[in-house]
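Have a look at the structure below before the remarks.
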2 protein chains.
Amino acid sequence: MSARMIKPIQTVTQRAPGLAKAKAKRTLKWQRDPEGMRLRILEAAKQEFSTHGLAGARVDRIAAKAGANKRMLYYHVGNKDELYLAVLEGAYDKIRSEERGLDLEHLDPPEAIRRLIEFTWSYFLRNPEFLSLLQTENLARAKHLKKSTKVKSMHSPFVEMIRTVVRRGVESGDFQVAVDPVQLYISIAALSFFYLSNSATLSVIFGRDLLAKDAKDERLAHMAGLVLAALTGRSAALFEIAKAPKSRTVVAQTV
Amino acid sequence: MSARMIKPIQTVTQRAPGLAKAKAKRTLKWQRDPEGMRLRILEAAKQEFSTHGLAGARVDRIAAKAGANKRMLYYHVGNKDELYLAVLEGAYDKIRSEERGLDLEHLDPPEAIRRLIEFTWSYFLRNPEFLSLLQTENLARAKHLKKSTKVKSMHSPFVEMIRTVVRRGVESGDFQVAVDPVQLYISIAALSFFYLSNSATLSVIFGRDLLAKDAKDERLAHMAGLVLAALTGRSAALFEIAKAPKSRTVVAQTV
DNA sequence: ACAGTATTTATCCAACGGGTTAATTTCTCC
DNA sequence: GGAGAAATTAACCCGTTGGATAAATACTGT
């Protein structure tokens with residue numbers, strides 16, 4: 001998808017009808033494209049791993065989906081586990097990089113938190129494979145992630161970002177408590193993550209489609225209300241907004 | 001474990017040394033025990049599925065762990081998927097049954113909510129396989145659960161229980177908002193579930209052991225503070241309680 | 001234009017894994 | 001005490017699967 005499909009020179013069989021096998025010689029059977037190949041493999045692997053889990057993923061299927069020969073996976077990335085780790089690292093890289101662009105520093109603390117919640121929610125919605133990959137990795141007790149050197153480093157800046165927001169909120173009087181940024185982030189992620197990653201079973205259990213448009217809007221409002229109410233101490237006002245039926249537009253409103 | 005191990009009459013080879021194969025005839029090779037067998041199979045399957053996921057689980061391993069012949073799984077329960085569903089149903093049955101004993105009706109609304117939070121947290125801590133099973137089922141988009149007739153029914157009473165608590169809380173003035181019970185329950189479950197089910201990756205990422213005793217205490221305090229603060233609107237006071245843990249750096253601090 | 005290397009394809013295979021078939025053993029009831 | 005049913009064991013089947021080996025083809029620099 002991202003990598004332009006160079007290889008498929010399906011024209012191999014496209015031997016002009018009539019001339020038996022004369023000198024149609026200069027029809028390439030395939031083209032080289034290492035980078036593109038690698039990207040296609042990783043993309044295919046991401047899909048496969050996220051839809052089937054680690055053990056359920058099939059190497060052959062990944063190859064097929066990538067339009068590659070199975071051997072290519074081992075040539076360009078490594079065996080199944082290494083492939084999985086590569087995919088996982090890519091996934092973390094992507095979300096953290098987007099988060100970096102949030103620019104929470106320049107926002108009013110409550111607005112910053114709200115923005116973080118909305119971003120997290122929408123990111124998870126837009127990238128369901130990310131959720132699956134994490135679930136799978138946790139099922140494996142993070143055995144792959146532990147081997148990764150890259151991933152460990154890229155999180156402290158993010159935590160500091162949140163810590164600053166909380167500190168500012170407390171100083172300005174917007175927030176009533178100096179909550180631990182890690183706890184706060186985990187909670188924010190949890191509210192979205194669990195709802196989405198477990199939507200299948202929850203929908204069955206509670207007998208309502210949690211992924212319906214209205215349900216999703218409702219959920220976002222609920223989460224924002226919950227967290228902001230806790231931080232600011234103004235439950236009523238904040239939850240009120242959640243109740244607003246259609247006018248989804250109103251996101252925040254100072255009392 | 002639960003089923004008394006009847007079968008292992010390993011004495012089969014215990015033929016008294018000396019008498020070739022005379023009439024040591026009356027040494028049983030095995031004993032019948034259908035119910036026990038079934039229980040052992042389900043218990044073994046629960047462990048296997050929760051530690052390896054659906055695709056990663058090995059039927060032979062389950063049989064071995066249950067001290068049974070592989071054939072027994074098919075005889076007493078069914079194929080791999082049916083086995084998985086049986087395990088899942090048992091898991092749901094167990095937690096909902098414990099929840100029924102919570103007796104939230106007779107508690108002060110805030111206390112009831114706190115109790116629900118504490119129960120959920122401790123149940124997840126005590127039954128980590130439950131988390132894995134749910135994760136696995138969600139990875140499979142609840143395809144097994146959808147076939148289950150039993151499970152669907154046993155959840156409405158629980159929702160009603162929460163609904164009542166919320167209503168009482170609003171009427172008494174303890175709670176400032178009449179939050180949707182399903183949303184509330186999902187949030188409460190989410191805060192514990194995500195933290196625990198993703199503790200492996202989160203621990204790596206944030207560089208702290210989230211399962212250490214102190215970390216767990218801190219988490220429980222944080223969750224209770226968050227939810228109750230949001231409902232009652234008294235952030236400061238509630239988060240205060242979180243401060244209790246002696247050593248740990250001050251988690252919450254009134255301004 | 002060609003030699004050397006990088007990239008890709010074509011096959012193969014041994015172990016595995018879910019499920020089955022058929023024989024054995026235990027138990028129950030008459 | 002034995003016949004028929006229930007429970008259990010033993011052995012096998014066969015498609016799948018991760019990975020490997022070897023040959024072919026495309027490029028690159030000289």
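Keep in mind that the numbers below use all heavy atoms, side chains included, and drop hydrogens, waters and symmetry copies. Throughout, protein chains are lettered first and strands after them, A, B, ... in sequence-line order, and every chain is numbered starting at 1. A quick note: this is a predicted structure, and the numbers were derived from the prediction, not measured.
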Seminar exercise, completed: Contacts satisfying ring pair (Phe, Tyr, Trp, His ring centres under 6.0 Å) that involve residues 38-74 of chain A (not counting sequence neighbours) are A/Phe49-A/Tyr84
Exercise. Is the shortest side-chain N to carboxylate O distance from A/Arg40 to A/Glu43 below 4.0 Å?
Worked result: no
Exercise. Taking the six-membered ring for Trp, are B/Phe193 and B/Phe124 parallel (under 30°), tilted (30 to 60°) or perpendicular (over 60°)?
Worked result: perpendicular
Seminar exercise, completed: From CD of A/Glu48 across to C1' of D/dG18 the rounded distance in Å is 13 Å
Problem set entry | salt_bridge(B/Glu99, B/Arg96) N-O dist < 4.0 Å | yes
Exercise. Are A/Glu98 and A/Arg126 ion-paired here, with the side-chain N under 4.0 Å from a carboxylate O?
Worked result: yes
Exercise. When the distance from CE of B/Met72 to C1' of C/dG19 is rounded to whole Å, what number comes out?
Worked result: 14 Å
Seminar exercise, completed: note: A/Glu35, atom CD; C/dA6, atom P; distance rounded to Å ~ 14 Å
Problem set entry | Whole-Å distance separating the CG atom of A/Asn69 from the C1' atom of D/dA26 | 15 Å
For this session: Figure out the NE2/P separation between B/His76 and D/dT9, and round it to whole Å.
Result: 9 Å
Please list, pair by pair, any protein nitrogen or oxygen found under 3.5 Å from a nitrogen or oxygen in nucleotides 27-30 of chain D.
from	atom 1	to	atom 2	distance (Å)
D/dC27	OP1	A/Arg32	N	3.4

For this session: For B/Arg61, check salt bridge (Lys or Arg N to Asp or Glu O under 4.0 Å) against everything at least two apart and list the hits.
Result: B/Glu48
For this session: Calculate the interatomic distance between A/Ile41 atom CD1 and C/dT7 atom P; express it in whole Å.
Result: 12 Å
Exercise. Whole Å only: how far is the CG atom of A/Asp60 from the C1' atom of D/dG19?
Worked result: 10 Å
Exercise. In terms of the nearest nucleotide of DNA chain D, which residue is placed more toward the 5' end: B/Pro34 or B/Lys70?
Worked result: B/Pro34
For this session: Please list, chain by chain and in numerical order, all residues satisfying ring pair (Phe, Tyr, Trp, His ring centres under 6.0 Å) with A/Tyr75, sequence neighbours excluded.
Result: none
Exercise. At under 4.0 Å between heavy atoms, what does B/Ala57 touch on the DNA or RNA strands: base, sugar-phosphate, or nothing?
Worked result: sugar-phosphate
Problem set entry | Heavy-atom donor-acceptor pair, B/Tyr195 side chain to B/Trp121 backbone, under 3.5 Å | no
Problem set entry | Positions of residues 77-88 of chain A (non-hydrogen atom under 4.0 Å from DNA chain D), listed by number | A/Asn79, A/Lys80
For this session: Apply ring pair (Phe, Tyr, Trp, His ring centres under 6.0 Å) to A/His76 and list each qualifying residue two or more places apart in sequence or on a separate chain.
Result: none
Exercise. B/Arg71 has a side chain; which of D/dT25, C/dA22, C/dG19 sits nearest to it?
Worked result: C/dA22
Problem set entry | Rounded interatomic separation in angstrom, taking OH from B/Tyr75 and P from C/dG19 | 19 Å
